[in-house]
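One structure is given here, and the rest of the page talks about it.
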Amino acid sequence: MGTKARMLKGVIFDMDGTITVPYIDWKTLREKIGATPGQTLLEYIDSLPPDRSAWANDELLRAEMAAAENADANDGIVDLVDHLRSKSIRLAVVTNNHREAMQTVLKRYGLRFDVTLSREDGDIKPSGDLIEKALDRLGLSADEAVVIGDGRYDIQASRRVGIRCIYLTHGQPAFEHTPSVETLKEVAALVASDNFLNP
């Protein structure tokens with residue numbers, strides 16, 4: 001007797017660069033704030049003296065809200081969400097962004113998710129904390145779901161939880177990862193097989 005194929009029951013989306021087109025110039029923002037390599041931007045901001053930390057946090061919030069209010073939706077996101085919903089697949093957003101920016105994006109594009117988690121809800125990626133919380137609230141195990149993200153932190157967080165991650169490359173992969181897609185339009189076909197979770 002073979003092992004029964006695991007069917008996909010949940011998809012966890014990153015937001016910036018995944019639901020929306022990449023907008024924030026992170027390199028320039030990090031340079032402006034003076035962030036050192038080897039830390040997330042928020043870790044660096046938290047390490048600063050109070051006055052400097054408050055200023056840097058304001059710069060980050062300003063950049064995030066500008067992105068939330070202006071970034072285009074990624075090609076295929078609305079159709080993909082509708083398609084997954086039609087298959088009764090449960091959906092979540094897990095973002096390192098703050099809650100107001102997340103809610104702004106979802107409202108702008110009329111996107112509805114079962115679970116939405118921002119940095120106010122736990123330890124940010126590359127920690128697996130928010131993904132674990134999303135799975136718990138979705139009522140799913142790591143082997144019943146998949147993450148879709150466009151960055152290294154998404155993949156690192158997914159590995160810590162033991163969940164598969166589809167790397168959205170926008171046609172310009174920064175590193176090797178499987179599975180990967182250039183656009184969200186490829187995701188529906190990729191996950192259509194009952195055997196997707198049994199590579």
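For the numbers below, each heavy atom of this structure counts, side chains included, while hydrogens, waters and symmetry mates do not.
At a threshold of 4.5 Å between side-chain heavy atoms, the hydrophobic network of Ile, Leu, Val, Met, Phe, Trp and Tyr places Val94 and Leu140 in one connected group. Residues Val11 and Val187 share a hydrophobic cluster, clusters being chains of Ile/Leu/Val/Met/Phe/Trp/Tyr side chains in contact below 4.5 Å. Residues Val147 and Leu190 do not share a hydrophobic cluster, clusters being chains of Ile/Leu/Val/Met/Phe/Trp/Tyr side chains in contact below 4.5 Å. Linking Ile, Leu, Val, Met, Phe, Trp and Tyr residues whenever their side-chain heavy atoms come within less than 4.5 Å places Val93 and Tyr109 in a single cluster. Residues Leu42 and Leu29 are members of one and the same hydrophobic cluster, defined by side-chain heavy-atom contacts under 4.5 angstrom among Ile, Leu, Val, Met, Phe, Trp and Tyr.
Using a 4.5 Å heavy-atom threshold, the side chains of Thr40 and Pro126 count as touching. In this structure, Ile163 and Glu132 have side chains that are not in contact, with every pair of non-hydrogen atoms separated by 4.5 Å or more. Using a 4.5 Å heavy-atom threshold, the side chains of Leu41 and Trp26 count as touching. Between Val78 and Leu111, the closest side-chain pair of non-hydrogen atoms falls below 4.5 Å. Considering only heavy atoms from C-beta on, Asn97 stays 4.5 Å or farther from Val105 through its side chain. Residues Lys125 and Leu130 form no side-chain contact, since every pair of their non-hydrogen atoms from C-beta on lies 4.5 Å or further apart.
At distances below 3.5 Å, not a single donor-acceptor pair connects side-chain atoms of Asp58 with backbone N or O atoms of Trp55. Without hydrogens or angle criteria, Arg85 side chain to Arg112 main chain gives a donor-acceptor distance under 3.5 Å. His98 places no side-chain N or O within 3.5 Å of a backbone atom of Leu60 that could act as its donor or acceptor partner. Asp114 contributes no side-chain N or O that, together with a main-chain N or O of Ala92, makes up a donor-acceptor pair within less than 3.5 Å. In this structure a side-chain-to-backbone donor-acceptor pair under 3.5 Å is missing from Ser53 to Pro50.
Taking the six-membered ring for Trp and thresholds of 30 and 60 degrees, His177 and Tyr167 have ring planes more than 60 degrees apart, a perpendicular arrangement.
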Review point. Hey, mind stepping through Glu186 and Leu168 against side chain to side chain contact (heavy atoms under 4.5 Å, CB included) and telling me if it holds?
Key: CA-CA 10 Å; Glu186 300 168 56; Leu168 175 62; over 6 Å; no
Note to self: What verdict does the side chain to side chain contact (heavy atoms under 4.5 Å, CB included) test give for Ile12 and Leu135, after you've listed the backbone C-alpha separation in whole Å, the side-chain angles of each residue and the deciding distance to 0.1 Å?
What the structure shows: CA-CA 8 Å; Ile12 300 172; Leu135 287 170; 4.0 Å; yes
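Environment of CG in Asp46: crowded, with over 12 heavy atoms of neighbouring residues, nucleotides or ligands closer than 6.0 Å. The environment of Glu120 atom CD is dense: over 12 non-hydrogen atoms of other residues, nucleotides or ligands sit within 6.0 angstrom. Shown here is Glu43, whose CD atom has more than 12 heavy atoms of other residues, nucleotides or ligands within 6.0 Å.
Distance check, rounded to the nearest 0.5 Å: CZ of Arg30 to OG1 of Thr28 gives 12.0 Å. Met102 CE to Thr20 OG1: the interatomic distance, rounded to the nearest 0.5 Å, is 13.0 Å. Distance check, rounded to the nearest 0.5 Å: CG of Asp150 to OG of Ser180 gives 12.5 Å. Summarising the geometry, atom CG belonging to Asp16 is positioned 10.5 Å from atom CG belonging to Asn74; distances are rounded to the nearest 0.5 Å. Note that CG of Asp75 is 12.5 Å distant from CD of Glu182, once rounded to the nearest 0.5 Å. The distance from the CZ atom of Arg62 to the CG atom of Asn57 is 10.5 Å, given to the nearest 0.5 Å.
Under the salt bridge (Lys or Arg N to Asp or Glu O under 4.0 Å) criterion, Glu31 pairs with Lys27, not counting sequence neighbours. Under the rule for a salt bridge (Lys or Arg N to Asp or Glu O under 4.0 Å), the partners of Asp143 that lie at least two apart in sequence or sit in another chain are Arg6.
In this structure, Ile131 and Ala157 approach most closely via the heavy-atom pair CD1-CB, 3.7 Å. Across all non-hydrogen atoms, the minimal contact from Ala73 to Ile77 is CB-CG2, 3.8 Å. Taking both residues in full, the closest heavy atoms of Leu80 and Ala188 are given as CD1-N, 4.1 Å, listed atom of the first, atom of the second, then distance. Minimum heavy-atom separation, Gly149 to Thr18: CA-OG1, 3.5 Å. Taking both residues in full, the closest heavy atoms of Ala101 and Ala68 are given as O-CB, 3.5 Å, listed atom of the first, atom of the second, then distance. The minimum heavy-atom distance linking Phe13 with Phe113 is given by the pair CD1-CE2, 3.6 Å.
The only option from Met15, Arg119, Glu64 that meets the side chain to side chain contact (heavy atoms under 4.5 Å, CB included) definition with Thr95 turns out to be Met15. With Asp121 as the partner, the side-chain hydrogen bond (donor to acceptor under 3.5 Å, both in side chains) test is satisfied by one option alone out of Arg137, Lys133, Arg99: Arg99.
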